[in-house]
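Some notes on the structure that comes next.
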Amino acid sequence: MKKIGIIVGSLRKESFNRSVAKYLASVAPESYSISFPDIGNLELYNQDLDDTPTDAWVKFRDEIKALDAFLFVTPEYNRSIPGVLKNALDVGSRPYGQSVWTGKPGGIISVSPGAVGGFGATHHLRQVLSFLNVYTMQQPEAYVGNITEALDDAGQVVAERTQTFLKQYMDGFVQWIERF
Ligand SMILES: Cc1cc2nc3c(=O)[nH]c(=O)nc-3n(C[C@H](O)[C@H](O)[C@H](O)COP(=O)(O)O)c2cc1C
């Protein structure tokens, strides 16, 4: 069974991105296993610790290494990706030559209550993933704007249009993974 890790770029308890991530997990084929690697417990990356990594870094790197594909679902912070997500990418990328990201397929979805849908975050993340040699799906793109209109009070994705779009995205992503 192939394993997809959905990495959510928000630590907020009622995160809209987490709502979308959970919905995506619910529409993934049953032949795939889905996990949500935790990036909120990782100490800030410090190159001095390359030879003496923290327990949380070691656990995270092992967890990512065991995955077959990564799906990033992230907010935009100040037209870029949240620091917590960049930190996780950096932690997984080192020590030099031992990156746990390299050579696997990936997807990016940015989610925002604003109309632009996190365009800046998607493309900054695409730049980083390109360097990390994650084979990032080009199409469909997913800038999910005005997200609050698609959620109910419990944070479930209830708007049919958004559900359909996210299902199509997941179908496309699975096809992308199958190419590797
Ligand atoms: C520090 C900070 C910067 C933000 N910058 C942007 C931005 O550049 N673009 C945007 O669409 N929303 C921005 N927002 C609003 C977020 O989209 C909003 O807080 C959203 O709820 C975050 O996603 P979450 O619900 O998954 O935590 C920003 C929020 C914070 C806290």
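Both counts, for ligands and for their atoms, begin at 1 and track the order of listing.
In this structure, atom 17 (O) of ligand 1 has protein heavy atoms in its sub-4.0 angstrom surroundings.
Taking a 4.0 Å cut-off on heavy atoms, Pro113 registers as neighbouring ligand 1. Distances shorter than 4.0 angstrom occur between a heavy atom of Ser15 and an atom of ligand 1.
With respect to atom 6 (C) of ligand 1, the closest heavy atom belonging to the protein is Glu76 O, 3.0 Å. In terms of protein heavy atoms, atom 27 (O) of ligand 1 is closest to Ser10 OG, 2.7 Å. Closest protein heavy atom to atom 11 (O) of ligand 1: Ser112 OG, 2.7 Å. Remark: minimum distance from atom 19 (O) of ligand 1 to any protein heavy atom is reached at Tyr77 CE1, 5.0 Å. Among protein heavy atoms, atom 8 (O) of ligand 1 sits closest to Arg79 N, 2.8 Å.
Closest heavy-atom approach to atom 4 (C) of ligand 1 among the candidates Leu151, Asn78, Val20: Asn78.
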| Please walk me through it: do Val157 and Leu151 pass side chain to side chain contact (heavy atoms under 4.5 Å, CB included)? | CA-CA 5 Å; Val157 177; Leu151 303 177; 3.7 Å; yes

| field | side chain to side chain contact (heavy atoms under 4.5 Å, CB included) between Met1 and Ser33, worked out | value | CA-CA 7 Å; Met1 184 178 271; Ser33 84; 3.6 Å; yes

| Evaluation steps, salt bridge (Lys or Arg N to Asp or Glu O under 4.0 Å), between Asp171 and Lys167 | CA-CA 6 Å; Asp171 290 348; Lys167 267 187 216 145; over 6 Å; no

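Remark: the backbone N or O of Lys65 is paired with a side-chain donor or acceptor of Lys104 at under 3.5 angstrom. A donor-acceptor pair is defined here as one N or O able to donate and one able to accept, closer than 3.5 Å; such a pair exists between the side chain of Asn87 and the backbone of Tyr45.
Shown here for Phe72 and Leu125, the closest heavy-atom pair between the two residues is CB-CD2, 3.6 Å.
Atom numbering of ligand 1 starts at 1 in the shown order; those under 4.0 Å from a heavy atom of Asn17 are 23 (O), 24 (P), 26 (O). The ligand atoms of ligand 1 that sit less than 4.0 angstrom from a heavy atom of Pro75 are 22 (C), 23 (O).
Phe180 and Trp176 have perpendicular rings, their planes meeting at more than 60° on a 0 to 90° scale where under 30° would count as parallel.
To the nearest 0.5 Å, the span separating NZ on Lys86 from CD1 on Ile81 amounts to 6.5 Å.
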